[in-house]
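Shown next, in structure tokens, is the structure this report addresses.
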2 protein chains.
Amino acid sequence: MRRGRQPARGPRTAKTLQPTIGDVARRAGVSRATVSRVLNEYPHVRPQVRTDVQRAIRALRYRPDQVARSLARRETKTLGLVVADITNPFYAETARAIVETARGHGYNVILCNTDNLHRLQEEYVEVLRQRRVDGIIFGSVFLDDPVVEALVEAGYPCVMYNRRLRSGRGNYIVLDNASASHDLTRHLLDLGHRHIGFITGLRDLSTASERLRGYRAALRAAGLPADSRLMRPGAFKAEMAQRAAQELLKLPRRPTAIMAGNDLMALGVMQAAGDLGLRVPEDLAVVGFDDIEIAAHRQIQLTTMAQQKAEMGRMAVVWMLEIIRDPRRYRREPLQQILTPTLVVRRTCGALLRGDKSGDRRATVPRPGRRAGRSGEGKALRVPSSRKEKR
Amino acid sequence: MRRGRQPARGPRTAKTLQPTIGDVARRAGVSRATVSRVLNEYPHVRPQVRTDVQRAIRALRYRPDQVARSLARRETKTLGLVVADITNPFYAETARAIVETARGHGYNVILCNTDNLHRLQEEYVEVLRQRRVDGIIFGSVFLDDPVVEALVEAGYPCVMYNRRLRSGRGNYIVLDNASASHDLTRHLLDLGHRHIGFITGLRDLSTASERLRGYRAALRAAGLPADSRLMRPGAFKAEMAQRAAQELLKLPRRPTAIMAGNDLMALGVMQAAGDLGLRVPEDLAVVGFDDIEIAAHRQIQLTTMAQQKAEMGRMAVVWMLEIIRDPRRYRREPLQQILTPTLVVRRTCGALLRGDKSGDRRATVPRPGRRAGRSGEGKALRVPSSRKEKR
DNA sequence: CTGAAAGCGCTTACAG
DNA sequence: CTGAAAGCGCTTACAG
């Protein structure tokens, strides 16, 4: 009964209750091609026909099948997003920006959480490729990452943010971690600290290794030894960091300051300090990276190197869309940007101890380095400029 | 050149560099149907043939096209996840569990962030339907939600968690918010508070309205008036709540305790208290809902009604898979579960003020209600039992 | 401006 | 156990 002038399309099974383009065509008295044309807003469709088709669409509550469209067009309007841990506010905030920006451009995002496990990374990348996503955004690559390396090699649209490959290949947007860490260490040195602990992330991540490098460089520049007993792994997790900090704080000569590889770990360090009856910052200075929202809370007031999380996420998507448009171009000349860090001085570093004790928790004081920070009311101003941009 | 015994499949365009099932078939000297069979682990394939095919697959680095498979099978192995705000740790933690559980069962998750906007909700649901996702998990429905209501009506696989519809229809798993709020209020009353403020979420959400109801009920039961000046909207956001709290705290007769509709807002209340020079809990008791991770931090120590976030997320997926298997069954008899809340007493409510001041921040004291809480070392034990389960 | 037809890359009765 | 064929629901040259 349902077959019209169209070529037979087979009977509809029980599972297929949704009207198809054929149903619309029949009802509007046109071909499926024409329906497709009005659906896709082709220019040359007779107004009358267009209206008829639209009426039929509405009458049938027709909803075009994106799966079929994806197959025909060979594009899915889907992006993969691979993060290490969505419960880390850094990733949650970037993910939010990514999802929102993608939506604004007609893309959806498949969320993948790897927990920094190579196995899951590999599995997710494989699945995303099978799903023919138009591109993959990595918030979490490993320094040595054959999987991502292969993707880049194959010219698969990829954008990394936060972390990058050791090889330096591919499109990425990252913080200038070495400088950030150098400046943060310098900040502590300027405050008089000479025994500064460092709790790192995982060894195989660019963020961890670059931040460790900046820390060492700053110590060296200050003529201080890089004491390996002061460096402990914290896996970018609060609990791990808490334990690591406890060990550091039980050393015969305990550090007077601890830098954590990210804010989450800095929170863990603060816990550890409390566990041992040490006051922050009077007995121990604590600093981190990321400037997650809670860092600004008045009970926390964490001094930290800020990252422009929303901006990074937005940018990753904008780049991705460009790359999808012309993959070969960006294979030759990858998009790479290194963002200038902004130091946000709050209470935990102790900088405010002597002067203003009012708890003006978001003041951003001038930085020791060549780039001046900014102070502001309420939300601290963050004005990073890009130091190095390759396009 | 590439055409074999198979029906002509047309030339490969530049975009299609990926090998197809036809390429594998040709190489292995079998039909495409046979390749499909070994791909899908059909029982009756001659071992020799199976090996040949597998070899060909490996040689060509063949990756089955999930899009094509989805079209043919009429199932996408994809779930939609609709949350209000992925940067709220409550959603991040549930999302994490959802993504991970789904992955374990061969499903991927499209993340949708609505910001509690009807417009975005509607848009996302429409897109998810066009994408033919196998089901949608809602962490965020509105009390009156024609969009979700229509989905449920149509028998589209849906699971709600955290919030539910006013109509009570559909599958859901939520906290017993009214009891939770009642008990939390009662807890404050038992501590001697008689003037308790309440900062609610958005009006059109079951969480907000049920929690407000519990609060009022507890006041009434204590013979206290429900003073509308003490109730302010906070939109489930820290910043809004901070402002709302400031207003409350400037009232001629200011509240001695403030309940926030969730932990994020409770953090905002603590900020407000600090802004006005009030100490928590000495001058102001503060409590919330959710027990997000930071609530346990020693600088925060927020008393709160815990939710089993990971468990909720896991359960939502497990249910979803069952529903996908037999949608009609659960249309008749929806899966509905109401979880018993667990009160986690920490510092901000002031309960520890007189007795133990050691900062034993996670002790869970017996609750005033009929259900006893539990105390534990380190992580507070949470042992909610289900009061009501319908299947 | 519009339709017929081929194609996207799979799966799955249907035969044999 | 395996292949030929039809089908999933779209899009898009190709004609006219």
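This structure is a prediction, so every number in the text was calculated from the model and none was measured. So that the names make sense, note that chain A is the first sequence line, chain B the second, and so on, each numbered from 1.
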Original post:
Atom CD1 of A:Ile57 to atom P of D:dC10: distance rounded to whole Å?
Top reply: 10 Å

Original post:
Can you tell me how far P of D:dC10 sits from NZ of A:Lys77, to the nearest Å?
Top reply: 17 Å

Original post:
C:dG9 C1' sits how many Å from B:Arg26 CZ, rounded?
Top reply: 13 Å

**OP:** Output yes when at least one side-chain N/O atom of B:Thr34 is less than 4.0 Å from OP1 or OP2 of D:dG3, else no.
**Re:** yes

Original post:
Where the side chain of A:Arg32 is defined as all heavy atoms beyond and including C-beta, which of D:dT11, D:dC8, D:dC1 is the nearest nucleotide?
Top reply: D:dT11

Subject >> Residue B:His44, side-chain heavy atoms: nucleotide from C:dT2, C:dC10, D:dC1 that is nearest >> reply: D:dC1

Subject >> Ion pair A:Glu322/A:Arg325, N-O distance below 4.0 Å >> reply: no

Original post:
Rounded to the Å, how far apart are B:Arg74 CZ and C:dG9 C1'?
Top reply: 15 Å

Subject >> Option from A:Ile137, A:Leu128, A:Ile86 for which side chain to side chain contact (heavy atoms under 4.5 Å, CB included) with A:Cys112 holds >> reply: A:Leu128

Original post:
Base, sugar-phosphate, or nothing for A:Ser36, non-hydrogen atoms under 4.0 angstrom?
Top reply: base

Subject >> Nearest-nucleotide pick for B:Ala33, side chain only, options being C:dC10, D:dC8, C:dT12 >> reply: C:dT12

Subject >> Atom-to-atom span, CG of B:Leu39 to C1' of C:dT11 - whole angstrom >> reply: 11 Å

Original post:
What's the OH-C1' distance between A:Tyr42 and D:dC10, to the nearest Å?
Top reply: 13 Å

**OP:** Send over the distance from A:Ile21 CD1 to C:dC8 C1', rounded to a whole Å.
**Re:** 14 Å

Subject >> Result of checking A:Arg166, A:Arg164, A:Arg169 against A:Glu149 for salt bridge (Lys or Arg N to Asp or Glu O under 4.0 Å) >> reply: A:Arg169

Subject >> Nucleotide nearest B:Arg73 (side chain, heavy atoms from C-beta), chosen from D:dC8, C:dG9, C:dT12 >> reply: C:dT12

Original post:
Got B:Tyr107 and B:Thr101 here, is their nearest side-chain heavy-atom distance under 4.5 Å?
Top reply: no

Subject >> Paired nucleotide for C:dG3 [Watson-Crick or G-U wobble; both distances under 3.5 Å] >> reply: D:dC14

**OP:** Select from B:Arg50 and B:Ala68 the residue whose nearest nucleotide in DNA chain D is closer to the 5' end of that strand.
**Re:** B:Arg50

Original post:
Any side-chain donor-acceptor pair under 3.5 Å between A:Asn162 and A:Tyr91?
Top reply: yes

Original post:
Nearest-Å distance, CG (A:Leu71) to P (D:dT11)?
Top reply: 11 Å

Subject >> Residue closer to the 5' end of DNA chain D, B:Arg37 versus B:Ala72 (nearest nucleotide) >> reply: B:Arg37

**OP:** Give one of base, sugar-phosphate or nothing for B:Val67, where a contact means two heavy atoms less than 4.0 Å apart.
**Re:** nothing

